[in-house]
Protein chains: 2
Amino acid sequence: MRTDSQQHPYRATPAAPTGRVPRSRIADRYPTRSSACVEPGGRVRWIDRPHSVVWSEGRDGAADGPLSAGELRGHEEKGYTVVPGLLSPAEVQQYWSELERLTGDPALVEDHRVVREPGSGAIRSIFEVHRISGMISGLARDPRVLGAARQILGSDVYIHQSRINYMPGFEGNGFYWHSDFETWHAEDGLPTPRAVSLSIALTDNYPFNGGLMVMPGSHRHFVPGQGETPSDNHRRSLVMQNVGVPGHDDVTELAAEYGIDQFTGAAGAGLWFDSNIMHGSGNNITPYPRSNIFLVFNSVDNAPVDPFEAEAPRPAHIAARDTTPIPRRGAR
Amino acid sequence: MRTDSQQHPYRATPAAPTGRVPRSRIADRYPTRSSACVEPGGRVRWIDRPHSVVWSEGRDGAADGPLSAGELRGHEEKGYTVVPGLLSPAEVQQYWSELERLTGDPALVEDHRVVREPGSGAIRSIFEVHRISGMISGLARDPRVLGAARQILGSDVYIHQSRINYMPGFEGNGFYWHSDFETWHAEDGLPTPRAVSLSIALTDNYPFNGGLMVMPGSHRHFVPGQGETPSDNHRRSLVMQNVGVPGHDDVTELAAEYGIDQFTGAAGAGLWFDSNIMHGSGNNITPYPRSNIFLVFNSVDNAPVDPFEAEAPRPAHIAARDTTPIPRRGAR
């Protein structure tokens with residue numbers, strides 16, 4: 001496992017005060033949302049990723065966590081790893097009950113971390129849920145989860161974002177293609193894509209109820225996003241992403257090169273996916289709801305600096321500024 | 001094969017003149033879009049289908065066309081039949097070229113049978129295409145197609161509706177759950193669901209680019225639609241179906257009972273589906289377009305009468321009033 005935190009060129013900034021902070025002045029290896037990303041002919045300049053995907057190395061990396069050396073190689077190559085049965089059926093039931101408990105918790109009625117449907121007021125997501133729910137906090141420390149995150153990122157890790165999503169049947173609108181890292185870099189100041197997401201399905205994922213689609217291999221290219229970041233973009237982008245998304249030409253080219261895989265399977269399955277993989281989801285007209293727990297791990301060696309393309313970082317419940325590592329249970 | 005056209009109780013009406021025509025006064029076995037369909041508690045009254053699904057019988061039916069006795073039994077039970085490779089790759093190429101030729105045909109620029117995208121003006125569908133294209137007309141007479149339609153409907157048949165659909169990538173909005181027969185009965189006056197549709201894929205259908213979803217077995221229930229039919233409803237319903245669709249409770253109950261199957265597979269595959277099967281499609285955010293040829297066959301013994309729930313029948317290019325049967329090639 002690499003221990004290069006001392007040599008890491010980036011310095012974390014403290015949590016942003018209210019008001020503007022200067023945009024990052026450190027070297028930007030992933031420029032986005034700028035006319036400089038577009039060639040004279042209109043073509044968007046892709047960046048070949050200079051950074052690793054899996055940061056732990058060889059036998060040592062594989063020995064230290066739940067993912068096998070083969071799984072880690074697959075993750076490096078495809079940018080994602082499916083773990084069927086990451087949670088047992090009984091655990092799925094427990095987390096489902098926790099989700100139900102949280103959506104009915106009167107203490108959360110006015111909580112700014114709760115996102116509701118515009119019409120019905122029904123809860124759609126709860127952010128920073130690992131600081132709200134002891135069960136979710138425990139899940140982030142579970143060796144099946146934390147161990148894999150540490151294998152992939154090759155360092156101590158902390159949670160950049162966590163949430164539970166509750167998507168009822170008939171109503172899921174889906175998300176257009178995007179790289180999470182594009183936003184986390186532009187708006188949160190993560191210098192590099194040394195971050196990985198885990199989505200755990202609490203409902204069965206069919207091919208037709210809006211399950212996540214990924215383009216395996218796309219994580220090796222950084223496709224600059226379109227447009228410039230308006231202030232308070234996160235208030236809109238959580239509902240409908242308009243800024244920072246790739247153009248149709250770029251998505252077409254990526255799909256022709258890499259194809260599309262879809263995350264399907266029984267409740268309890270986990271999907272680890274690289275922060276820079278191109279992904280999206282269709283809508284859901286079926287009656288089958290789709291709920292999941294979503295945890296984003298970032299390397300402590302990739303702590304956020306000032307945003308690269310935004311006036312101020314997003315709020316801490318959407319993008320953490322506290323990089324205190326998650327301790328391992330019974331750390332050796 | 002039944003030859004009960006002489007005894008059939010319904011009489012076809014001539015093509016509707018402009019202006020109102022009286023709603024059908026014949027016995028309505030499939031009432032819809034009316035408060036009479038709703039029980040006092042608010043529950044929609046489903047109707048158990050009194051009519052057959054496959055009308056040709058036993059050995060005779062199977063001997064007279066391309067579908068095997070087993071396929072016909074499956075069609076009766078599930079309400080749909082997939083025929084992989086109904087068109088060869090070379091034929092797919094020919095029909096694709098025909099589609100391209102038609103979308104560029106200057107003679108069709110002002111044609112009322114052409115439906116265009118509101119924004120770009122790009123052609124989305126061409127109706128009554130079997131009267132526009134000799135190739136499509138020939139396809140409707142092809143023994144692989146006409147023979148199967150005659151097997152399923154057990155009589156001479158004609159085309160109630162035909163169209164080609166061109167859905168570019170990124171833009172497909174999908175269609176909410178519905179029974180085609182509900183509309184054909186309410187707005188076109190088809191007395192019974194003795195009609196069958198054929199969708200032939202001209203592009204590969206993936207699970208994630210908006211392919212048709214069906215509920216196998218749902219065709220045995222008629223689920224009355226909600227609302228009442230506004231005049232000129234077809235102008236809206238071709239873009240977004242709002243009237244006559246089932247409620248969420250009904251769709252949920254059907255899905256719990258029957259599940260969902262999805263039509264996927266290589267270009268050239270054909271999907272025969274009963275006019276009353278509950279079906280829908282999700283949107284398509286992928287770059288993969290989805291084009292198909294769509295032919296609806298109706299039994300000449302199920303000729304349209306006055307609409308059951310509309311002031312006037314829809315235009316003839318959307319719902320034919322001419323029930324002249326399609327002749328078999330080299331009819332014996």
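- Side-chain atoms of A:Asn276 and A:Ser179 include a donor-acceptor pair closer than 3.5 Å.
- Of the possible polar contacts, one joining the B:His178 side chain to the B:Tyr176 backbone as a donor-acceptor pair under 3.5 Å is found.
- Applying the 6.0 Å contact sphere to CZ of B:Arg45 captures more than 12 heavy atoms from other residues, nucleotides or ligands.
- For an aromatic pair to be called close, the ring centres must be under 6.0 Å apart, and A:His75 with A:Tyr80 fails this.
- Contacts of B:Asn173 with chain A are made by backbone atoms alone, with heavy-atom separations under 4.5 Å and no side-chain atom involved.
- In this structure, the portion of B:Tyr288 lying under 4.5 Å from any heavy atom of chain A is its side chain and not its backbone.
- Only the backbone of B:Ser281 comes within less than 4.5 Å of a heavy atom in chain A; its side chain stays farther off.
- Side chain to side chain, B:Asp250 and B:Trp177 fail the donor-acceptor criterion of an N or O pair below 3.5 Å.
- Interface remark: of the candidates A:Gly211, A:Gly210, A:Pro207, A:Pro207 forms the most heavy-atom pairs closer than 4.5 Å to chain B.
- Annotation: maximal heavy-atom pairing with chain B below 4.5 Å, among A:Leu254, A:Asn284, A:Asn283, occurs at A:Asn283.
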